[in-house]
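We count ligands from 1, going down the list as the structure has it; atoms in each ligand are counted the same way. Keep in mind that the numbers below use all heavy atoms, side chains included, and drop hydrogens, waters and symmetry copies.
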Amino acid sequence: MSDAPLRLDGPREECGVIGISTPSDDAAQLAFFGLYALQHRGQEAAGIAVADGQAVRVHKDMGLVAQVFNSSTLSPLVGGMAIGHTRYSTTGDSSERNVQPFVVETLHGPLALAHNGNIVNANHLREQLLKRGAGLSSSSDTEVLALMLAATEGDSWEHRLSQVMSEWTGAFSLTILSGTKVIACRDPWGFRPLSLGRLPNGGHAVASETGALRTLGCDSIREIEPGEIVVLQGQMARSFRGATPAAVQARCTFEQIYFSRPDAVWDGLGVHQVRQRLGAAVAAEHPVKADVVIPVPDSSLPAAIGYAAASGITYNEGFVKNRYIGRTFIEPTDELRRQGVALKFNTLRENIEGKRVIMVDDSIVRGTTSGPLVRLIREAGALEVHVRVTCPPIAHPCFFGVDMGTHDELIAHHLSVDEICHHIGADSLGYLSVDGLMAALDRDDGYCNSCFTGDYPVEVQLQLPTDSKRRFDGVIG
Ligand code: AMP
């Protein structure tokens, strides 16, 4: 355990969760393979808790799923029920204390909890717990949820959950493990995804993304509804409404744009399809004459395919990405991030030289990636570089579980589109509009676009931004 001082994590977490209930005793193994398929949702820490009908055992540590688990750490985790978690946060001390699942001993037996999302009233709830004399061992809002659940009256865990759920404001897709069952729930707004499927042996699994369920061979996959509680025990699965769904739901558009793996199906929409439509939409909004469309690999591939198909301009690869270097996003300073980009990408000169290039990216967040990429394309002999982004400018922080940084860190909070274009050294820059985004999703509402609009679906504590425009002065490209 780290001795680092406790600090509040705030909204700086991205996570994946899984839950398994099976008639065999290999739930932890299945959770391991499921977490592998959710690795993109968090690369900092991983953990699995398992129950055999009585006791709960847990193994968790900092690192990638494959670093945390091997046959010797998995083999003691015997039991038919398990939950798992993979986590990424950028906080400096990224403390081991915050690694999930959280396990607490309660009056009603052991309880483990894994959480994707962010509770915006966590500080208030934490204070209330402290006033009541509870001791907290971590800075994470997930422990607050676990302790509140443990202290709630009720004759079963699902009953207690339904009693306490309405006190939690914000994003929570949860998997919970007691000695005898797995429980999953989703917040009434439906911020983060969570789906249920049936395992080939008759058991069930829940996971942040449908791709993980397919990896486990699940069929009958369906989304867990906002406010729904699902209880898994052996081969049995039952569900009920734990909280009234919000009148206007708030699914995260950024899951569709960037965060989920392209094989995910969410809100009845295939993410790969959606991203192609986003590419087509930005092509329609910001046409430009060019010779080749290239994606920023890997997340922007479907968007670039969609852009090329809609514009009739040839699609080709322009970058080769080293897939073994973690996300450059993980680096703590801008300078390290810039170096990270060069370490991560090489250009395919033969596809770029002498051409007018459209570079398609799914998002510009801090603005540290695009400039160096534009420069790489120019160094490879491009005549022009036009950047097209398949989401609107991200000018506001996310409080619901996607790490986008603070106001100060977001380039679009400080600079106009023209200034960003100049900053990254592109010949032109076009972002998709919010209306274009929603049209590509074929939805009128039901999504949270607060990172683009600043219009948050629930009340959040905004920290006033400082005027740090200076950090974006000067041209990188
Ligand atoms: P930035 O340099 O901060 O503008 O990073 C933008 C790049 O990072 C884009 O190419 C995105 O595909 C990717 N990206 C966007 N959001 C995230 C996130 N929350 N975590 C990690 N990478 C991200």
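Close approach of ligand 1 to Glu14 (heavy-atom distance below 4.0 Å) involves ligand atoms 18 (C), 19 (N), 20 (N). The contact set between ligand 1 and Val402, taken as ligand atoms under 4.0 Å from a residue heavy atom, comprises 19 (N). Each of the following atoms of ligand 1 lies closer than 4.0 Å to a heavy atom of Thr369: 1 (P), 2 (O), 5 (O), 6 (C), 7 (C). Annotation for ligand 1: atoms under 4.0 Å from non-hydrogen atoms of Ile364 are 4 (O).
With hydrogens and angles left out, the side-chain atoms of Glu419 and His423 include no donor and acceptor closer than 3.5 Å. Of the N and O atoms on the side chains of Glu143 and Ser137, at least one donor lies less than 3.5 Å from an acceptor on the other residue.
Of the N or O atoms in Ser299, one or more lie within a sub-3.5 Å distance of an N or O in ligand 1. Some N or O of Gly367 is nearer than 3.5 Å to an N or O of ligand 1, by distance alone. Considering both main-chain and side-chain atoms, Val365 comes within under 3.5 Å of ligand 1 through a nitrogen or oxygen pair. Checking only distances, Tyr88 never comes within under 3.5 Å of ligand 1, N or O to N or O.
One option in Asp362, Ile257, Val296 has a heavy atom closer to atom 12 (O) of ligand 1 than any other, and that option is Asp362.
Other residues, nucleotides and ligands place no more than 12 heavy atoms under 6.0 Å from the CZ atom of Arg214.
Here Met404 has no heavy atoms under 4.0 Å from ligand 1, in either its backbone or its side chain. At a 4.0 Å heavy-atom cut-off, ligand 1 touches Tyr258 through the side chain alone. Counting heavy atoms under 4.0 Å from ligand 1, residue Ser363 touches it through both backbone and side chain.
Every pair passing side chain to side chain donor-acceptor pair (under 3.5 Å) that includes a residue from residues 247-257 is listed here, sequence neighbours excluded: Arg41-Glu255, Arg192-Glu255, Glu223-Arg251, Gln249-Arg251, Thr253-Asn449, Glu255-Ser260, Gln256-Tyr447.
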All N/O donor-acceptor pairs, side-chain side in residues 293-302, below 3.5 Å, sequence neighbours left out:
residue: Asp298; atom: OD1; partner: Arg323; partner atom: NE; Å: 3.4
residue: Asp298; atom: OD1; partner: Arg323; partner atom: NH2; Å: 2.8
residue: Asp298; atom: OD2; partner: Arg323; partner atom: NE; Å: 3.2
residue: Ser299; atom: OG; partner: Asp362; partner atom: OD2; Å: 2.5
residue: Ser300; atom: OG; partner: Val296; partner atom: O; Å: 3.4
residue: Ser300; atom: OG; partner: Asp361; partner atom: OD1; Å: 3.0
residue: Ser300; atom: OG; partner: Asp362; partner atom: N; Å: 2.9
residue: Ser300; atom: OG; partner: Asp362; partner atom: OD2; Å: 3.0

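Using bins of under 30°, 30° to 60° and over 60° for the plane-to-plane angle, the ring pair Phe32/Tyr36 lands in the perpendicular bin. By the 30° and 60° cut-offs, the orientation of the rings of Tyr258 relative to Phe254 is tilted.
Between Arg443 and Asp267 there is a salt bridge, with a side-chain nitrogen of the basic residue lying less than 4.0 Å from a carboxylate oxygen of the acidic one.
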